[in-house]
Amino acid sequence: MSDFSHSMTPQDCLVALMVAVSASDENLRTTELVTIERVVNHLPVFAGFDQDRISTISVTVFDLFTEEDGLDALFGLIRENLPDTLFETAYALACDVAAADGQLGEVEIRLLEEIRYELGIPRLNAAAIERGARARHMTI
């Protein structure tokens with residue numbers, strides 16, 4: 001893991017957080033994985049990102065989740081390698097993945113709260129981001 005942390009880019013951090021949200025309930029849903037792929041394919045923050053890294057990052061997240069303090073380690077890597085100017089972007093992407101399947105489980109809600117806390121997202125900003133994710137993922 002330490003080798004990975006030295007080569008972790010800001011894009012890697014964003015992907016790791018999205019994968020963590022998807023994996024948090026131990027059920028990687030297709031809609032969540034498609035959302036991650038769509039985000040990586042279309043958002044400017046991922047320009048030049050090598051999509052093959054998604055699987056490497058995913059394995060790292062899964063490995064961290066098997067460790068007792070794995071979530072703390074993940075947040076440490078993210079805070080160390082992600083510029084704070086992208087903290088709200090990271091939270092927005094995490095919310096999009098959580099909302100992608102139309103259902104927000106207790107585990108996902110707790111993880112989003114933890115992300116909000118760890119990244120220091122002000123409550124009002126977080127509420128706006130959450131509302132935007134909910135609006136984007138509404139169904140008829």
Backbone N or O of [Y] within a donor-acceptor pair of the [X] side chain at under 3.5 Å?
X   : Y    : value
S58 : I54  : yes
E32 : A100 : no
S24 : V21  : yes
D63 : T60  : no

Got a second to check how far [X]'s [atom1] is from [Y]'s [atom2], nearest 0.5 Å?
X    : Y   : atom1 : atom2 : result
N125 : F87 : CG    : CZ    : 14.0 Å
L14  : N81 : CG    : CG    : 11.0 Å
C95  : E88 : SG    : CD    : 11.0 Å
Q11  : D50 : CD    : CG    : 10.5 Å
L86  : L93 : CG    : CG    : 9.0 Å
C13  : F75 : SG    : CZ    : 12.0 Å

Are R53 and V15 close enough, and set up right, to give a side chain to side chain contact (heavy atoms under 4.5 Å, CB included), and what steps lead you there? CA-CA 9 Å; R53 290 191 55 76; V15 169; over 6 Å; no
Would L77 and L64 count as a side chain to side chain contact (heavy atoms under 4.5 Å, CB included) here? Give the steps. CA-CA 11 Å; L77 287 172; L64 285 172; 4.2 Å; yes
Which pairs of donor and acceptor atoms, one on a side chain in residues 133-140, lie under 3.5 Å apart (sequence neighbours left out)?
unit_1: R136; atom_1: NE; unit_2: D96; atom_2: OD1; d: 3.2
unit_1: R136; atom_1: NH1; unit_2: G132; atom_2: O; d: 3.3
unit_1: R136; atom_1: NH2; unit_2: D96; atom_2: OD1; d: 2.8
unit_1: R136; atom_1: NH2; unit_2: D96; atom_2: OD2; d: 3.4
unit_1: H137; atom_1: NE2; unit_2: D96; atom_2: O; d: 3.4

Contacts table for residues 110-121: side-chain donor-acceptor under 3.5 angstrom, sequence neighbours left out:
unit_1: R116; atom_1: NH1; unit_2: Y91; atom_2: OH; d: 3.2
unit_1: R116; atom_1: NH1; unit_2: E130; atom_2: OE2; d: 2.9
unit_1: E118; atom_1: OE1; unit_2: R79; atom_2: NH1; d: 2.3

Under 4.5 Å between any side-chain heavy atoms of N41 and F46, yes or no? no
Same apolar cluster: [X] and [Y], side chain cutoff 4.5 Å:
X   : Y   : value
L43 : V34 : no
L33 : V59 : no
F49 : V45 : yes

Looking only at heavy atoms, what is the nearest atom pair of A90 and L17, with distance?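 Closest heavy-atom pair between A90 and L17: CB-CD2, 3.7 Å.
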